[in-house]
Amino acid sequence: MDKLFDVAFQFSPFGGVRSVLEHGGGNVNDTYIVEGEGRSRFIMQRINTRVFKRPERIIENMVAIDKHMESKRHIIEKLGHRRWEIPTVLHARTGKPFFVDSDNGFWRAISFIEGASAPTKIQNSKHAREAGFALGFFQFLISDMNIKFLHDTLPGFHVTPEYVWHYHEVLQKSVRPENTAEVRYCKKIVADRAVWANVLENARERGDLLLRPIHGDPKTANIMIDNANGESVALIDLDTVKPGLVHYDLGDCVRSCCNPLGEETTKFEDVRFDVSLARDILNGYLSVAKDFFTSSDYEYVFDCMRLIAFELGVRFFADYLEGDVYFKVKHPLHNLHRAMVQFKLMESIEAQETEIRSIISDVGGRK
Ligand code: GN1
Ligand code: MG
């Protein structure tokens with residue numbers, strides 16, 4: 001605890017630190033909320049350097065994003081009554097925008113967005129629409145950032161075939177001897193879809209889809225909602241902003257927001273993809289994204305919804321087989337259970353394909 005206070009002190013140049021409390025339920029980094037005397041509140045995170053091998057690159061990206069967002073103030077002001085916030089990087093007493101502790105822990109701090117929160121589950125139709133709007137608006141704001149100046153903080157992130165290759169590698173040397181019904185189910189799910197898993201990367205190679213700056217992790221817990229009026233006010237967790245396909249983002253937002261039981265449920269048989277929430281998200285998203293969405297982009301909307309649920313399932317399952325080397329876990333079956341949830345969600349998406357495709361055409365205003 002003393003250590004946490006020492007680190008928090010580094011980012012509190014105007015006074016002491018009153019409290020440091022764990023915050024949120026991130027699967028990779030450790031997050032705390034710090035209450036200071038001078039500077040009211042801020043978020044402090046220890047970056048997981050097993051995942052982010054070059055953490056300084058995250059900071060450099062964040063500084064560049066902050067700067068870019070500031071240059072978009074005139075667009076943000078056009079939102080009129082709508083509030084839109086940009087999480088900013090705070091400097092440590094050393095003058096640097098990060099702090100390395102005596103155990104080589106890599107820390108950074110970011111501003112706290114007051115009067116808002118990021119629920120882990122979608123509450124209602126308005127919330128879903130607001131999540132979609134936030135993603136579209138965020139992508140729009142960063143759309144003209146030169147991707148040459150954005151580091152790739154996590155090479156291979158969201159490149160689904162690479163996760164499938166990695167899965168096949170770890171399957172050979174799995175540290176899990178169990179061959180339960182759940183393990184067999186997961187193996188079959190991956191085997192049956194391994195070829196289709198190239199769908200977005202093939203489209204990118206053909207030039208049907210283009211690399212653009214993306215958020216990378218727009219799950220509901222990263223979308224801040226104003227406590228007073230229920231409108232979205234920010235996208236947080238900018239660690240994975242990098243060149244990618246906007247479809248990774250859309251698929252990730254949908255797989256997170258349209259799963260009413262959430263990622264951590266163990267009621268696998270009850271996991272359902274909520275099509276009506278998907279309609280709301282698409283409505284919110286396309287209210288902004290229609291200006292940059294091409295006809296080719298529309299062609300892959302269904303695939304991205306199905307694919308990112310599949311991909312996250314593969315990532316969790318591979319991590320379970322490998323012995324939990326990537327995602328933080330609370331018990332030995334945690335990653336297996338998380339994989340089950342994503343695969344059940346994907347099957348629910350597959351079962352409702354016709355309806356989802358018709359919503360995409362409807363909302364996109366196309367036949
Ligand atoms: C991880 O750490 P967190 O919760 O922000 C993961 C995402 C997953 C998400 C699933 C860098 O995000 O890709 O979608 O868990 N982040 C990384 O909850 O791998
Ligand atoms: Mg994240």
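Every number for a ligand or one of its atoms is a count from 1 in the order of the listing.
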TODO: Verify the distance criterion only: is there a donor paired with an acceptor across the side chains of Ser125 and Asp280 at less than 3.5 Å?
DONE: yes
Task: Side-chain donor/acceptor of Thr31 to backbone N/O of Glu22, under 3.5 Å - done: no
Open item on the list: What protein heavy atom lies closest to atom 15 (O) of ligand 1? Include the residue and the distance to one decimal.
Closed with: Asn27 ND2, 3.1 Å
- [ ] Fit a plane to each ring of His247 and Phe293, take the angle between them on a 0 to 90° scale, and name the class: parallel (under 30°), tilted (30 to 60°) or perpendicular (over 60°).
- [x] parallel
Open item on the list: Does any N or O of ligand 1 fall below 3.5 Å from an N or O anywhere on Lys219, backbone included?
Closed with: yes
TODO: State the atom name: nearest N, O or S atom of Asp237 to the Mg ion (ligand 2).
DONE: OD2
- [ ] For atom 13 (O) of ligand 1, grab the closest protein heavy atom and report residue, atom and distance to one decimal in Å.
- [x] Arg315 NH1, 2.9 Å
Open item on the list: Closer than 3.5 angstrom, by distance alone: can the side chain of Asp252 be matched with the main-chain N or O of Asp249 as a donor-acceptor pair?
Closed with: no
- [ ] Using the six-membered ring wherever Trp is involved, compare the ring planes of Phe140 and Phe292 and label them parallel, tilted or perpendicular (cut-offs 30° and 60°).
- [x] parallel
Task: Short N/O/S contact of Asp239 with the Mg ion (ligand 2) (below 2.8 Å) - done: no
TODO: Return a yes/no value for Tyr326: is any of its N or O atoms, backbone included, closer than 3.5 angstrom to an N or O of ligand 1?
DONE: yes
Open item on the list: Under 6.0 Å from the ring centre and within 45 degrees of the ring axis: does the NZ or CZ of Lys344 meet both conditions for the six-membered ring of Tyr185?
Closed with: yes
Task: Value rounded to 0.5 Å, distance of NZ in Lys72 from NZ in Lys78 - done: 10.0 Å
- [ ] Would you mind running through ligand 1 and noting each atom that sits below 4.0 Å from a heavy atom of Phe52?
- [x] 11 (C)
- [ ] Identify, by atom number and element, the atoms of ligand 1 in contact range of Arg255, meaning under 4.0 Å from any of its heavy atoms.
- [x] 10 (C), 14 (O)
Open item on the list: Below 4.0 Å, non-hydrogen atoms only: which portion of Asp239 touches ligand 1? Side chain, backbone, both or neither.
Closed with: neither
TODO: Return a yes/no value for Val28: is any of its N or O atoms, backbone included, closer than 3.5 angstrom to an N or O of ligand 1?
DONE: yes
TODO: Check ligand 1 against Leu154 and write out every atom of the ligand that is under 4.0 Å from a heavy-atom position of the residue.
DONE: 11 (C)
Open item on the list: Quick one about Glu264 and His334 (side-chain donor to acceptor, distance below 3.5 Å, no hydrogens or angles considered), yes or no?
Closed with: yes
Open item on the list: Quick check on contacts: which atoms of ligand 1 are under 4.0 angstrom from a heavy atom of Phe157?
Closed with: 13 (O), 17 (C), 19 (O)
Task: Among His158, Glu264, Gln342, Glu263, closest by any non-hydrogen atom to atom 10 (C) of ligand 1 - done: Glu263
Open item on the list: Students should be able to answer this: which protein heavy-atom is nearest to atom 12 (O) of ligand 1, and at what distance?
Closed with: Asp217 OD2, 3.2 Å
- [ ] State whether the side chain of Ser348 and the backbone N or O of Phe273 hold a donor-acceptor pair below 3.5 Å, judged by distance alone.
- [x] yes
Task: Asp217, N/O/S atom nearest the Mg ion (ligand 2) - done: OD2
Task: Enumerated ligand 1 atoms positioned under 4.0 Å from heavy atoms of Asp237 - done: 5 (O)
Open item on the list: Whether Arg82 engages the ring of Phe137 as a cation-pi pair (distance to the six-membered ring centre under 6.0 angstrom, angle to the ring normal within 45°) should be assessed.
Closed with: no
